[in-house]
Amino acid sequence: MEYNPCKIEKRWQKIWEELGIFKAKDFSKKPKFYILDMFPYPSAEGLHVGHPRGYIATDVFAHFMRRKGFNLLHPMGWDAFGLPTENYAIKTGIHPEIITRRNIKRMKKQLQMIGLSYDWSREINTTDPEYYKWTQFIFLLLYKMGLAYKATLPINWCPSCKTGLANEEVIEGKCERCGTEVTKKDLRQWVLKITAYANRLLKDLDLLDWPEQIKEMQRNWIGKSEGWEIVFNLKSQISKIKNKIPVFTTRTDTLFGCTYLVLAPEHQIISKLKSQISNFKSVERYIKESKKKTERERISEVKEKTGIEIRGIKAINPVNGRAIPIFVADYVLIHYGTGAIMAVPAHDQRDFDFARKYNLPVIEVIKPYYEKKESKKEAPLIVSDGRFDRAYEKEGILINSDRFTGMKSREARERIGEWLTKKNLAKKAVYFKLRDWIFSRQRYWGEPVPIVHCQKCGVVPLRKKDLPLKLPRIKKYLPTGTGESPLAAIKKWVQTICPKCGGSAKRETNTMPQWAGSCWYFIAYLLHKNKEFSWNRKKINYWLPVDLYVGGAEHAVLHLLYARFWTKVLYDAGLIKFKEPFLKLKTLGLILAPDGQKMSKSRGNVILPDEIIEKYGADAFRLYEMFMGPFDEAINWNIKGIIGTRRFLEKAWRLQEKVERQGTSDKRQDVRLEKLIHQTIKKVTEDIENFKFNTAISQLMILVNNLQSRDYSPQHIKTLLLLLAPFAPHLTEEIWQKYFIESSEFKAKNSIHNQPWPKYDPKLVKEEMITLVIQVNGKVRDRAKVEAGISEKKAKKLALSCEKIKKWIKGKEIKKVIFVPGKLINIVV
RNA sequence: GCCGAGGUGGUGAAACUGGAAAACACGUAGGAUUUAGGAUCCUAUGGCGAAAGCUUUGUGGGUUCAAAUCCCACCCUCGGCACCA
């Protein structure tokens, strides 16, 4: 009886599908559990061996929860709009829809080969008009709620290709295709007011069972900072008009050390003050230069900071009345705070670097307080040749600060703030790093924005009955050259009638970004095949929110934040009853190619699951993906590892020989084995619950190794199969059906995947004998087998009587004995 | 640069709350079985050492009876950085 996975696996996959044993039932007496994968992008390359890692993990978990008695929803779909497909269409002239269909077909087949227990009857596809009518519906909702607005914002622009570029298409400031230097071009774009939800997005993180590091990344991304807005009055050499510049700071305590102001190059006041700036031409040139840089280049500390002084105008430091210079420098960003900063070179490293370059004064106003011994070695300001080497950015005690000298930073911040508030030169302010979300793309392969521009009525949203607004079929996907979407070139489509006045109007030609479809897809599985276009509250309320969400950590911020944002909007609109879409989140590590690089076609290091499964079987593949390492850490693919899991399955397979010989009634007892069985149930159960699949499998390996060399009974095999089933669903079903089911006809309820999860006896899990470690001065010198409950007295007596120990403590005085029950005894001499 | 994670044998890794470093697996060596090969089974396997023993968790320091685990500094690798998804 040889183990032949190819035959077994295909057969069971077919039977399961036909009987629909993994289909979720809407509504049930059982408690519900919704487990969701981040759905894939259907790329032309198909799945490589890295993709299924998360899918296998959710599948193991889904099997486990089903067998624990939950009504389980485990669906799958496709996030199919986006750049790669569109670029492929441009290159080949094949319509993106056809490419998408082809890619989905291929990837679905790959997923099915793995034997994943998805409910395929709920499959969704974001590019299906039946899907994106809802995406458009939600956009209209955002619009009506005042959360979608138009603004003029810059995009990356290649002057040679005459096309807008995604950040990804800009390589070191140059166009990926032609190598021309990329510039910026202003366009009217749709923007979503995610900032209106900043506080709630921040606060509600506390409700979530997510990895702490992901929450931390979101917190930093939202970037709430509480501080003060401080007004600097300006003094012009030629004009009497009073102008002022507000700056935002969290460190009012350092105000006395402020020696200059810095404006972002985009700051509006610069053009306003044009007539008073004596070197305006140079300033203008600088501003133009900085437009070429990416934001990351601008704020990077590796490259030297640049800037230019605005001559002819000075700012007045409100705390001491001193006139200080004003600079324009691109390390200050327009979309954070007020777009202007007060520079305190002694206490901010960026300001310090800038000040040193332009020879600006550095005034120290905070001194570190030395508390006790530890901070002495900190020596914050290294003074060499009488100057500072670096800025001291921490808190401390104020110096050189007039009547605030001697105060602690924290107190001084409030005092100085209040003092200036009284003089009307400051107010408390809260700023977020989070920026509104630019929601339009000048592309074809995305959801059309359901808006028309009417000459009479202006911006007019479509009505629900006008949805879906379908993407028109076009022959060319090439950019228009104007920066507009290729849709703008289809006159027949663009020209339309205003839904409000019936007059002539033009359609919005921007499309939505790929994120749009993935912001609400967890709801889409419940609206599937909903021809009436009605929001199925009953199903939504039953299944949602998602109980467990699994996907890559690379989505830590954007996708997860955007989906949370839309959920809150839908909640506010009264469409859903939950405030957070994903209660529990588990992130997974990438599987890299054997060379440690990401797998990609361009690198030529892609490994396909197809060939692996054909050679070793889906069960061995599943097992290896779970066994290869901790679930949330990145790991290199190594084909050698799968040999181990295949061998393990063969060993398990061979165990049935005895059942074959002796029948299933044999009930022999082996106390040692019985204990191991119960320990294994405990370990596997707990490890699956904690996503520690690798150690669950190693425990199963230990069990199989033991069964192999001991006098096992069929009951032991039964338990083994029940525990192994989520990992190796095909092999276990095969053996299960052969020996543990009476009828020859397959019925859903007889499937191993419908058997209850085994329970362990806590009494049998405990060990009676343990190995007591005997240490002298913390070093292991001997070991002894003792009863688990040994007392300290007995242990001490035992330890001191050991020959080896006697040798080590001979002639020395015993100072202390430390006893850790059930573990060790340490004699300190 | 900023934010986040990580660094343990030849390799993937394990080690719960500070308490036996290296479970499980790959690889390698030796043996059994076999006409042979493969498969399978058994034994060994961090390093140094004949052995007693010494030593070992990126580097350096610290706390502790005891540190892979806690603290400080540094080095390296990976993920994200708002138009890739």
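Worth saying up front: this structure is predicted, and the values here are computed from it rather than measured. By convention in this document, chain letters (A, B, ...) are assigned in the order of the sequence lines, proteins followed by strands, and residues within each chain are numbered from 1.
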Would you classify [X] as touching base, sugar-phosphate or nothing, given that sugar-phosphate means primed atoms plus P, OP1 and OP2, and contacts are heavy atoms under 4.0 Å?
| X | value |
| --- | --- |
| His559(A) | nothing |
| Ile702(A) | sugar-phosphate |
| Asp632(A) | nothing |
| Glu554(A) | base |
| Glu212(A) | nothing |

Query raised in the report: Heavy atom of residues 191-198 of chain A under 4.0 Å from RNA chain B: which residues?
Result: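 None, since no heavy atom is under 4.0 Å.
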Say we look at [N] and [M]: how far apart would their [atom1] atoms be, to the nearest angstrom?
| N | M | atom1 | value |
| --- | --- | --- | --- |
| U63(B) | G27(B) | C1' | 40 Å |
| A23(B) | G1(B) | P | 39 Å |
| U57(B) | A50(B) | P | 24 Å |
| A5(B) | U11(B) | P | 26 Å |
| U59(B) | C76(B) | C1' | 10 Å |
| C74(B) | G80(B) | C1' | 24 Å |
| C78(B) | G58(B) | C1' | 15 Å |
| U69(B) | A20(B) | P | 13 Å |

Query raised in the report: For Met701(A) and Leu434(A), take the nucleotide of RNA chain B holding the closest heavy atom to each; which residue's nucleotide lies nearer the 5' end?
Result: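 Going by which nucleotide is closer to the 5' end, it is Met701(A).
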Query raised in the report: Taking O4'-C1'-N9-C4 for purines and O4'-C1'-N1-C2 for pyrimidines, is G9(B) syn (within 90° of 0) or anti?
Result: syn
Query - Set of side-chain contact (heavy atoms from CB on, under 4.5 Å) partners for Asn4(A), sequence neighbours left out - result: Cys6(A), Lys7(A)
Report task. Please name all residues satisfying salt bridge (Lys or Arg N to Asp or Glu O under 4.0 Å) with Lys193(A), sequence neighbours left out, ordered by chain then number. Result ->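 Expected list: none.
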Query raised in the report: Lys816(A) side chain N/O closer than 4.0 Å to the phosphate oxygens (OP1, OP2) of C65(B)?
Result: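 For C65(B), OP1 or OP2 has a side-chain N or O of Lys816(A) closer than 4.0 Å.
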Report task. Using only side-chain N and O atoms of Asn705(A), determine if any of them is under 4.0 Å from OP1 or OP2 of A25(B). Result -> yes
With a 3.5 Å cut-off and sequence neighbours excluded, list the donor-acceptor pairs that the side chains of residues 631-642 of chain A form with protein atoms.
from, atom 1, to, atom 2, distance (Å)
Asn638(A), OD1, Lys640(A), N, 3.1

**Report entry** Aromatic centroids of Trp190(A) and Phe439(A) separated by under 6.0 Å
**Finding:** no
Report summary line: Taking C81(B), G4(B), C24(B) as options, the one with an atom nearest any side-chain atom of Leu558(A) is C81(B)
Report summary line: Among G27(B), A82(B), C83(B), the one nearest any side-chain atom of Arg441(A) is C83(B)
What protein N or O atoms touch nucleotides 48-57 of chain B N or O atoms at under 3.5 angstrom, if any, and at what distances?
from, atom 1, to, atom 2, distance (Å)
C54(B), OP1, Arg781(A), NH1, 3.3
C54(B), OP1, Arg781(A), NH2, 3.3
C54(B), OP2, Arg781(A), NH1, 3.1
U55(B), OP2, Lys779(A), NZ, 3.1

For nucleotides 9-20 of chain B, which of its nitrogen or oxygen atoms have a protein nitrogen or oxygen under 3.5 Å away, and what is each distance?
from, atom 1, to, atom 2, distance (Å)
G12(B), O2', Met628(A), O, 2.4
A14(B), OP1, Asn694(A), ND2, 2.8

Query - Pairs flagged by salt bridge (Lys or Arg N to Asp or Glu O under 4.0 Å) wherever residues 686-699 of chain A is involved - sequence neighbours left out - result: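 For residues 686-699 of chain A: Lys68(A)-Glu689(A), Lys682(A)-Glu686(A), Lys683(A)-Asp687(A).
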Requested in this report: Mind telling me whether Tyr521(A) and His559(A) have parallel, tilted or perpendicular rings, with 30° and 60° as the class edges?
Outcome: tilted
Query raised in the report: Taking a pair as Watson-Crick or G-U wobble with both distances under 3.5 Å, which nucleotide is matched to G37(B)?
Result: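 Its partner: none found.
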Heavy-atom distance under 4.5 Å between the side chains of [X] and [Y], does that happen here?
| X | Y | answer |
| --- | --- | --- |
| Pro5(A) | Tyr616(A) | no |
| Leu676(A) | Leu703(A) | yes |
| Lys150(A) | Gln189(A) | no |
| Phe565(A) | Leu192(A) | yes |
| Asn826(A) | Phe819(A) | no |

Report task. Name all residues meeting the side chain to side chain donor-acceptor pair (under 3.5 Å) criterion together with Trp445(A); count only those two or more places apart in sequence or in a different chain, and write none if there are none. Result -> none
Requested in this report: Could I get the full list of side chain to side chain donor-acceptor pair (under 3.5 Å) partners for Tyr444(A), not counting sequence neighbours?
Outcome: His95(A)
Donor-acceptor list for residues 587-597 of chain A side chains, cut-off 3.5 Å, not counting sequence neighbours:
from, atom 1, to, atom 2, distance (Å)
Asp595(A), OD1, Gln597(A), N, 3.0
Asp595(A), OD2, Asn605(A), ND2, 3.4
Gln597(A), OE1, Arg603(A), NE, 2.9

Short heteroatom pairs, N/O only, protein and nucleotides 39-44 of chain B, under 3.5 Å:
from, atom 1, to, atom 2, distance (Å)
C41(B), OP1, Gln708(A), OE1, 3.3

Table please: side-chain donor-acceptor pairs of residues 39-48 of chain A below 3.5 Å, with sequence neighbours left out.
from, atom 1, to, atom 2, distance (Å)
Tyr41(A), OH, Thr85(A), N, 3.0
Tyr41(A), OH, Thr85(A), OG1, 2.7
His48(A), ND1, Gly50(A), N, 2.9

